[in-house]
Asker: 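Pasting a structure below so you can have a look.
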2 protein chains.
Amino acid sequence: MKKLALDAADVRILSALQQHGQLSKAKLAEISGLSATPCWARLARLKAGGYIRGYHADIALSLLADFAQVIVTVSLSRHRKADFDRFEAYVKGRDEIIDCIATGGGVDYIMKVVSPNLTAFQDFVEDLHVEDLGIDRYMTHFATRQVKTALPNISKLATARLK
Amino acid sequence: MKKLALDAADVRILSALQQHGQLSKAKLAEISGLSATPCWARLARLKAGGYIRGYHADIALSLLADFAQVIVTVSLSRHRKADFDRFEAYVKGRDEIIDCIATGGGVDYIMKVVSPNLTAFQDFVEDLHVEDLGIDRYMTHFATRQVKTALPNISKLATARLK
DNA sequence: CATGAAAGATCCCGATG
DNA sequence: CATCGGGATCTTTCATG
């Protein structure tokens with residue numbers, strides 16, 4: 001996907017939708033300082049350019065059910081491409097894993113796992129062993145409390161390159 | 001906020017909106033297996049009950065700008081309530097920190113930091129030192145690649161308690 | 001819960017300055 | 001870029017079974 005040239009108004013549109021995904025086109029236009037028609041055209045362009053990956057409701061999980069949130073760090077015993085591919089394919093297939101990054105240093109992967117309860121998480125870890133994923137070492141860090149959740153600051157990130 | 005009694009249709013509504021935050025009420029009703037009117041009533045109830053915290057567009061950050069994503073683990077040198085409060089207040093005030101959990105064991109906090117670039121992240125770490133937050137040890141893990149991002153599976157989490 | 005209906009708002013897009 | 005217009009669609013609510 002080729003990157004488009006974005007100006008400040010485009011960034012305002014994206015930022016507004018990031019914070020309020022159900023804004024009407026009229027209010028979106030107002031916030032972004034444009035009138036409805038050009039705002040609509042920009043939005044269409046941004047969507048077509050892949051800048052908007054989707055819209056999601058933020059659901060209060062804690063009201064729905066108890067659950068355990070765990071950060072798991074993983075180091076593989078070997079570092080061939082096939083080892084990474086096998087592990088990552090497994091990660092993508094488990095919906096308990098809601099976030100996974102690759103990293104350098106002594107740790108290869110850091111992921112966030114959400115399970116309905118502790119025994120479900122233990123089953124998850126058990127599966128990691130059984131599946132022969134080439135894991136050398138792993139560490140688990142149970143979340144006792146969610147201190148903060150926030151959205152990335154789009155305007156700051158998009159503006160930084162101009163400095 | 002008192003928890004409501006939710007049935008399977010409520011969970012389907014929440015799950016559908018989690019995945020497609022801009023669904024029209026008509027399609028939402030269809031997906032959740034209801035007709036429009038009762039679906040609308042349930043949605044109003046869920047919203048009033050705090051089950052829907054908001055709606056957000058998922059923006060393709062990587063198209064907007066280069067940025068560095070870092071997992072930072074922190075241990076405080078003392079563990080009085082005031083020490084936790086001070087650190088957490090700081091965390092809440094920094095918009096580079098998009099996620100922070102408290103955890104047990106040798107690590108007190110694990111957070112995800114998004115900076116426009118490496119030097120901005122170094123400045124961030126510098127601030128951590130300067131601010132006298134009572135940090136004993138910290139470790140940084142730079143993300144080299146985003147392997148996976150997914151939404152928590154609402155229906156699985158909400159159903160698990162029934163088993 | 002389902003159906004049907006109706007006023008009002010919104011959406012999409014084209015025309016024009 | 002802004003304003004205006006209008007047909008299609010969606011939203012919200014109410015009455016009825």
Asker: Is it the case that the ring center of A:Tyr55 lies less than 6.0 angstrom away from the ring center of A:His20?
Answerer: no

Asker: Hey, mind stepping through A:Gln22 and B:Gln22 against side chain to side chain donor-acceptor pair (under 3.5 Å) and telling me if it holds?
Answerer: CA-CA 7 Å; A:Gln22 285 194 329; B:Gln22 285 194 327; over 6 Å; no

Asker: Could you give the CG-to-P distance, from A:Leu34 to D:dA2, as a whole number of Å?
Answerer: 5 Å

Asker: Would you say A:Leu23 and A:Ile31 make side-chain contact, with heavy atoms under 4.5 Å?
Answerer: yes

Asker: Describe the nucleic acid contact of A:Ser35 in one word from base, sugar-phosphate, nothing, applying a heavy-atom distance below 4.0 Å.
Answerer: base

Asker: CD of A:Glu30 versus P of C:dT10: gap in Å, rounded?
Answerer: 12 Å

Asker: Let me see the working for B:Arg42 and B:Asp7 under salt bridge (Lys or Arg N to Asp or Glu O under 4.0 Å), right down to the final yes or no.
Answerer: CA-CA 10 Å; B:Arg42 282 165 180 268; B:Asp7 65 8; 2.8 Å; yes

Asker: We want to know whether B:Tyr90 and B:Arg86 form a side-chain donor-acceptor pair, criterion being a heavy-atom distance below 3.5 angstrom.
Answerer: no

Asker: Under the criterion salt bridge (Lys or Arg N to Asp or Glu O under 4.0 Å), I'd like the reasoning laid out for A:Asp99 against A:Lys112: C-alpha separation, chi angles, the key distance, then a yes or no.
Answerer: CA-CA 5 Å; A:Asp99 192 277; A:Lys112 181 183 280 194; over 6 Å; no

Asker: Distance check needed: D:dC10 C1' versus B:Leu28 CG, whole Å only.
Answerer: 13 Å

Asker: Between A:Lys27 (NZ) and C:dC11 (P), how many Å, whole number?
Answerer: 9 Å

Asker: Sugar-phosphate means primed atoms, P, OP1 and OP2; the rest is base. With that split, encode nucleotides 12-17 of chain C 5' to 3' as B, S or - using protein heavy atoms under 4.0 Å.
Answerer: SBB---

Asker: Could you state the atom-to-atom distance from CG of A:Leu43 to C1' of C:dC11 in whole Å?
Answerer: 12 Å

Asker: Could you check how far CZ of B:Arg42 sits from C1' of C:dA2, rounded to whole Å?
Answerer: 13 Å

